[in-house]
Amino acid sequence: MDIYQDEVRREAVAIQREHRAVMGRWKSLLGQVFDPDRRQQVPGIQKAALLGVPSRRQFLKVGGITVAGSAILVACGDDEDDSATTTSAAGGATTIAGGATTTEGTTDTTMAAEVTETDLTLLRTAQSIEVLAIDAYQAAIDSGLVTTAAVGEAAGLFQAQHMDHAAAIEATTLSAGGEPFTEANPYLQENVVGPALAADGLDEAAILVLALDLENVAAQTYALAGGVLSTPTLRQTIMSIGGVEARHAAVLYGVIDGAGVAQVPVPFMPTEGAAPEESWVA
Amino acid sequence: MDSMATLRRAAYQVDEQHREGMASLPEELRELHFGTTGRKLAEGRRRFMKQVGLGSVMFTMGSAFLPASRLMPAAWGQGDEGAPLDDLTIAIFAEQVELAAVAAYEAAAGTGLLDATAVEVGTLFATHHGDHAGAFASLAGADATGTPNQAILDAFGPMIAEAADQAAILEIAFQLEQGAASTYHFALGVLGADAAALTSTILPIEAQHAVVLGGVLGKEPADYLPPFETSDEALDPTTYPLTDGSATTDTTAAAEED
């Protein structure tokens with residue numbers, strides 16, 4: 001426990017200060033880059049770099065044949081050659097980015113729309129979980145019940161990172177042509193966070209457990225999404241966040257002094273604790 | 001130290017849970033991917049997609065139909081060998097990375113530089129990596145090699161052998177864990193859905209390992225609590241090519257040679 005309190009306390013403030021300075025510019029930049037009205041002005045490679053994913057142009061560099069069908073890059077890459085052809089050497093599937101035709105499918109336009117709908121549901125749900133976490137950490141900070149400085153500072157750091165995640169997911173949703181969901185997940189707020197924060201005897205320990213629960217829900221939801229999202233790029237994007245939620249959980253496991261709690265309690269991230277169907281934001 | 005006692009206690013508890021859970025893992029994994037459960041999971045994915053509006057259409061954009069080398073940035077995609085890095089190749093590479101991590105932790109324990117807590121934590125993490133290797137081997141099927149990546153051992157073995165103290169060894173472990181997480185982050189940008197589903201359950205565990213080691217090492221939180229996972233530290237198959245499964249590998253021997 002001391003390890004994380006000392007370390008996190010020592011550096012969290014500095015990280016947050018730096019984070020706030022950078023994030024103001026980051027959000028502004030994201031807004032500019034993914035603003036539909038300004039897409040034509042920003043190369044796709046720069047957009048992809050912002051999200052930490054390979055750009056379609058990087059794919060082109062490697063194989064000489066581009067890969068379309070990635071919702072995010074199709075949407076992000078409107079400034080690029082939308083007629084680029086995607087060829088699968090082995091499977092023979094050929095897709096025209098933005099053109100919605102394929103040698104395999106007869107309803108490519110429909111499929112593309114349906115895939116986007118699936119992806120958007122996951123993205124909107126993910127953003128709602130991030131907002132839920134942001135709000136929950138804020139409620140915890142405002143409650144006055146978090147009396148351990150290191151815990152408060154860690155909460156601030158984690159909250160800031162969830163803001164980053166929400167912004168990245170929102171940008172991805174916009175890029176995919178969807179409408180971001182900017183509210184806290186209604187189902188989880190009503191059934192998990194609300195009751196936990198309103199419970200009698202709420203104290204710092206209970207808040208830590210709630211935080212751990214939220215981080216685990218997020219991590220497991222993203223681990224699930226990593227196998228459900230329709231494109232490698234989207235799967236990579238969601239797991240760039242899912243891994244961080246797991247790190248948060250590991251820190252919280254280390255801070256919580258309770259029997260049966262360990263920092264890496266399982267060898268594989270389970271998905272049974274993912275956000276339930278009732279919480280999906282279609 | 002209270003913190004170390006807590007860590008030790010946690011490691012014991014996790015290990016107990018782990019042993020109970022892992023007793024039947026190999027069979028369960030095989031069943032999971034290739035048996036009735038695998039079919040049920042696939043059905044579950046279809047159901048999920050249907051519930052969110054996809055209907056019965058499955059999206060098969062993954063590299064199952066596409067040589068992954070076509071998707072790889074330069075480091076992963078332009079090896080001299082020109083062998084395509086498809087899902088199978090990546091599964092074999094991941095298996096070998098995991099087995100190399102197991103060997104590295106074993107070699108670290110063998111140095112005598114680690115205290116009891118570090119040995120226990122390292123043993124636990126090695127067990128996790130063994131589980132991960134088994135999972136990737138299940139994906140690779142008959143092509144699994146059961147062999148650690150020799151190039152990784154050649155790179156890290158001497159570093160472990162020459163480490164001056166516990167902190168130096170844990171730093172190597174930290175780099176390996178960060179590298180593993182980063183490797184899977186990169187792989188997710190290439191893999192097909194089934195392999196990605198497994199990889200998505202492993203990446204977070206490597207990340208958690210890094211958090212534990214980063215904390216023990218007294219690293220800056222920014223070092224082990226990044227805002228996003230990235231591919232920046234990915235282990236590159238060009239640098240660490242696949243090891244022939246018929247080759248024998250001995251981390252300790254490799255370290256001793258140096």
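Just so it is clear, the values below take in all heavy atoms, side chains as well, and ignore hydrogens, waters and symmetry mates. A quick note: this is a predicted structure, and the numbers were derived from the prediction, not measured.
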Which of Ala246(A), Gly242(A), Ala223(A), Ala249(A) touches chain B most, by non-hydrogen pairs under 4.5 Å: Ala246(A)

Carefully, step by step, assess Glu171(B) and Lys219(B) under the rule salt bridge (charged side-chain N to carboxylate O under 4.0 Å, His left out). CA-CA 10 Å; Glu171(B) 176 65 31; Lys219(B) 283 184 169 292; 2.8 Å; yes

So what's closer than 4.5 Å to chain A heavy atoms on Phe125(B): side chain, backbone, both or neither? side chain

Below 4.5 Å from any heavy atom of chain A, which atoms of His209(B) appear? Answer side chain, backbone, both or neither. both

Using non-hydrogen atoms only, which part of His165(A) is less than 4.5 Å away from chain B: side chain, backbone, both, or neither? both

Do any N or O atoms from the side chain of Gln236(A) and from the backbone of His185(B) form a donor-acceptor pair under 3.5 angstrom? yes

Asp223(B) and Gln178(B): which non-hydrogen atoms are nearest, and at how many Å? O-NE2, 3.5 Å

Please answer whether the main-chain N or O of Trp280(A) pairs with a side-chain N or O of Arg124(A) as donor and acceptor at a distance below 3.5 Å. no

